[in-house]
Amino acid sequence: MNSLASSVFGISIPVDGDEDSGSGASVVAIDNKIEQAMDLVKSHLMYAVREEVEVLKEQIKELVERNSLLERENALLKSLSNNEQLSQLSTQQANSSSTSQAQTVIAQPPQPTQPPQQPNVSSA
């Protein structure tokens, strides 16, 4: 029967007293070690992912709080200003953004260089 399984399926099925029983046990032991190693890697990865999730949750919480604070500050500043100030502010922002863009495009002209001065040497 073992030779039939071996010839048809390309596998050998160890039978009690068969010389392959020792290698079959070592294959099972290797499979167990591989499975244990994979479980260990999986647990380490899960731990690292959980840690990273906690860090990111904390960062999100801080950013939400900061955003809320800035929104309240913005609303307060808007309530304390009048429409004329708001229009001036938006005009200044538009001008500053166009000016900063123009400054990056325009290169500063090179500074003129002076020729080196000749030392005063009198011939005697």
Side-chain angles (χ1 to χ4, degrees):
M1 183 69 172
N2 192 16
S3 62
L4 177 65
S6 177
S7 63
V8 174
F9 300 110
I11 58 170
S12 67
I13 302 171
V15 180
D16 287 342
D18 196 3
E19 62 188 25
D20 289 336
S21 65
S23 67
S26 67
V27 168
V28 170
I30 291 172
D31 285 346
N32 287 341
K33 294 278 186 191
I34 291 171
E35 188 173 339
Q36 288 173 355
M38 289 173 57
D39 287 343
L40 183 62
V41 168
K42 180 182 172 184
S43 66
H44 281 291
L45 285 174
M46 291 299 291
Y47 178 76
V49 167
R50 283 189 196 107
E51 263 189 10
E52 188 67 23
V53 166
E54 289 302 316
V55 168
L56 291 173
K57 281 181 180 180
E58 187 63 31
Q59 287 178 347
I60 289 170
K61 181 182 172 185
E62 291 171 3
L63 289 171
V64 166
E65 289 173 358
R66 176 145 172 78
N67 187 40
S68 177
L69 176 70
L70 290 173
E71 285 178 350
R72 287 194 307 267
E73 182 180 335
N74 189 27
L76 175 65
L77 291 173
K78 281 183 180 180
S79 70
L80 295 175
S81 64
N82 59 31
N83 288 337
E84 182 180 332
Q85 290 172 328
L86 289 175
S87 65
Q88 286 176 351
L89 181 62
S90 62
T91 304
Q92 287 175 352
Q93 286 177 340
N95 289 341
S96 67
S97 66
S98 64
T99 304
S100 64
Q101 289 172 353
Q103 287 175 347
T104 57
V105 173
I106 300 172
Q108 293 181 351
Q111 299 293 327
T113 57
Q114 296 178 352
Q117 294 180 348
Q118 297 289 333
N120 290 337
V121 178
S122 59
S123 56

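None of these values were measured; they are calculated from a predicted model.
- A distance-only check finds a donor-acceptor pair linking the side chain of Gln85 to the backbone of Asn82 [under 3.5 Å].
- For Ile30, the side chain to side chain contact (heavy atoms under 4.5 Å, CB included) test picks out Ile34, with sequence neighbours left out.
- Applying the side chain to side chain contact (heavy atoms under 4.5 Å, CB included) rule to Gln88 yields the partners Glu84; only residues at least two apart in sequence or on another chain are considered.
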Under 3.5 Å, which donor-acceptor pairs link side chains of residues 63-75 to any protein atom two or more places apart or in another chain?
{"from": "Ser68", "atom 1": "OG", "to": "Arg72", "atom 2": "NH1", "distance (Å)": "2.9"}

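- Considering all non-hydrogen atoms of both residues, Lys78 and Leu86 come closest at CG-CD2, 4.4 Å.
- Members clustered with Leu56: none, using a 4.5 Å side-chain heavy-atom cutoff among hydrophobic residues.
- For Lys57, the side chain to side chain contact (heavy atoms under 4.5 Å, CB included) partners are Val53, Glu54, not counting sequence neighbours.
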Side chains of residues 41-50: which donor-acceptor pairs under 3.5 Å do they make with residues two or more places apart or in other chains?
{"from": "Ser43", "atom 1": "OG", "to": "Asp39", "atom 2": "O", "distance (Å)": "3.4"}
{"from": "Ser43", "atom 1": "OG", "to": "Leu40", "atom 2": "O", "distance (Å)": "2.8"}
{"from": "Tyr47", "atom 1": "OH", "to": "Glu51", "atom 2": "OE2", "distance (Å)": "2.8"}

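- Residues passing the side chain to side chain donor-acceptor pair (under 3.5 Å) test with Ser90, sequence neighbours excluded: none.
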